[in-house]
Amino acid sequence: VDPNTTPGTYPITYSICQKANPTICDQAVTTVIVTTIDAKDDTPAPINGTTGGTVATVFGNDTLDGLPFLPADVTLTTSTVLPTGVTLNTDGTITVDPNTTPGTYPITYSICQVANPLICDTATATVIVTTIDAKDDTPAPINGTTGGTVATVFGNDTLDGLPFLPADVTLSTSTVLPTGVTL
């Protein structure tokens, strides 16, 4: 089968005959199945290990015969020993339980066709579990006449259970700040 052959099922009828007795022959059919299965690496958005969550299916960028497929069309396996709290689900999603230890977890997975179990491909999904915990603050009052600055709001917040540098996070607010107040 040449590279880039169109996927499909190709029955090929053939005959074999004796050389010494060329009229003694038999015929058979071999069925050649040409398919393509392509598992591609994934790096989903980080999951907060404090609350846990589920990432979208690793099948999102994988193809069978050049097309997206249903989870029922493939068999999903992994050779990776998954850490406690991380589960590769049969639909290709990855679930991270609450309070999972922060870290980067590469999960090697294989998808094989259900119709042709020997036709497989392998990829890696890299799951990043992080914990970021912003805690409420109530700083001391500031005199509005003279103005002033309160201590950083990061003082009691943590990233992976530890204090962090402001450069390690992106700060934003969903609150419309009054004129004269800057975060």
Side-chain angles (χ1 to χ4, degrees), residues 37-64 66-112 114 120-183:
I37 193 164
D38 190 13
K40 295 183 180 157
D41 292 346
D42 301 275
T43 305
I47 294 285
N48 187 325
T50 301
T51 58
T54 300
V55 301
T57 180
V58 296
F59 299 153
N61 61 346
D62 299 342
T63 57
L64 177 61
L67 300 171
F69 55 85
L70 298 173
D73 295 334
V74 298
T75 302
L76 175 66
T77 58
T78 181
S79 60
T80 304
V81 175
L82 298 175
T84 301
V86 177
T87 305
L88 176 61
N89 304 302
T90 57
D91 64 356
T93 59
I94 299 171
T95 301
V96 175
D97 292 342
N99 301 313
T100 297
T101 303
T104 299
Y105 303 109
I107 301 171
T108 301
Y109 70 95
S110 294
I111 51 175
C112 300
V114 168
C120 305
D121 197 22
T122 300
T124 300
T126 303
V127 177
I128 299 169
V129 177
T130 184
T131 55
I132 191 164
D133 190 11
K135 295 181 179 157
D136 292 344
D137 300 284
T138 306
I142 295 180
N143 184 328
T145 303
T146 58
T149 302
V150 299
T152 178
V153 295
F154 298 150
N156 60 348
D157 301 337
T158 58
L159 177 62
D160 293 333
L162 300 170
F164 56 86
L165 298 173
D168 293 335
V169 298
T170 301
L171 176 65
S172 62
T173 180
S174 58
T175 304
V176 177
L177 299 175
T179 302
V181 176
T182 306
L183 180 63

For this session: Tell me, please, which residues at least two apart from Tyr105 pass ring pair (Phe, Tyr, Trp, His ring centres under 6.0 Å).
Result: none
Exercise. Tell me, which pairs form a ring-ring contact (aromatic ring centres under 6.0 Å, His included) where one or both residues lie in residues 120-143, sequence neighbours left out?
Worked result: none
Problem set entry | side chain to side chain donor-acceptor pair (under 3.5 Å) pairs, two or more places apart, involving residues 37-49 | Asp42-Asn61, Asp42-Tyr109, Asn48-Thr50
Exercise. Does the side chain of Val86 come within less than 4.5 Å of Ile107's, by heavy atoms?
Worked result: yes
For this session: Could you list all the ring-ring contact (aromatic ring centres under 6.0 Å, His included) pairs where at least one residue sits in residues 69-94, not counting sequence neighbours?
Result: Phe59-Phe69
Problem set entry | Non-hydrogen side-chain atoms of Thr80 and Thr108 separated by less than 4.5 Å | yes
Seminar exercise, completed: Residue set satisfying side-chain hydrogen bond (donor to acceptor under 3.5 Å, both in side chains) with Thr122, at least two apart, ordered chain then number -> Ser110
Exercise. So which heavy atom on Thr130 is nearest to which on Pro46, and how close?
Worked result: CG2-CB, 4.1 Å
Problem set entry | From OG1 (Thr158) to CD1 (Ile132), nearest 0.5 Å | 8.0 Å
Exercise. Between atom CG of Leu88 and atom CG of Leu82, what is the distance when rounded to the nearest 0.5 Å?
Worked result: 6.5 Å
For this session: Could you list all the side chain to side chain donor-acceptor pair (under 3.5 Å) pairs where at least one residue sits in residues 168-179, not counting sequence neighbours?
Result: none
Exercise. Once you round to the nearest 0.5 Å, how far does CG of Leu76 lie from OG1 of Thr78?
Worked result: 7.5 Å
Exercise. Do you know which two heavy atoms are closest between Thr124 and Pro106, and how far apart they sit?
Worked result: CG2-CB, 3.9 Å
Just distance, no hydrogens or angles: give the donor-acceptor pairs under 3.5 Å from side chains in residues 93-104, sequence neighbours left out.
residue: Thr93; atom: OG1; partner: Asn89; partner atom: ND2; Å: 2.9
residue: Thr93; atom: OG1; partner: Asp91; partner atom: OD1; Å: 2.6
residue: Thr95; atom: OG1; partner: Thr54; partner atom: OG1; Å: 3.2
residue: Thr95; atom: OG1; partner: Asn89; partner atom: ND2; Å: 2.8
residue: Thr100; atom: OG1; partner: Asp97; partner atom: N; Å: 3.4
residue: Thr100; atom: OG1; partner: Asp97; partner atom: O; Å: 2.5

Exercise. What residues form a side chain to side chain contact (heavy atoms under 4.5 Å, CB included) with Val114, not counting sequence neighbours?
Worked result: Thr75
For this session: Specify the closest pair of heavy atoms between Ala39 and Asp121, including all atoms of both residues, with the distance to one decimal.
Result: N-OD2, 2.8 Å
For this session: Taking side chain to side chain contact (heavy atoms under 4.5 Å, CB included) as the test, write out the residues that go with Leu162, two or more places apart.
Result: none
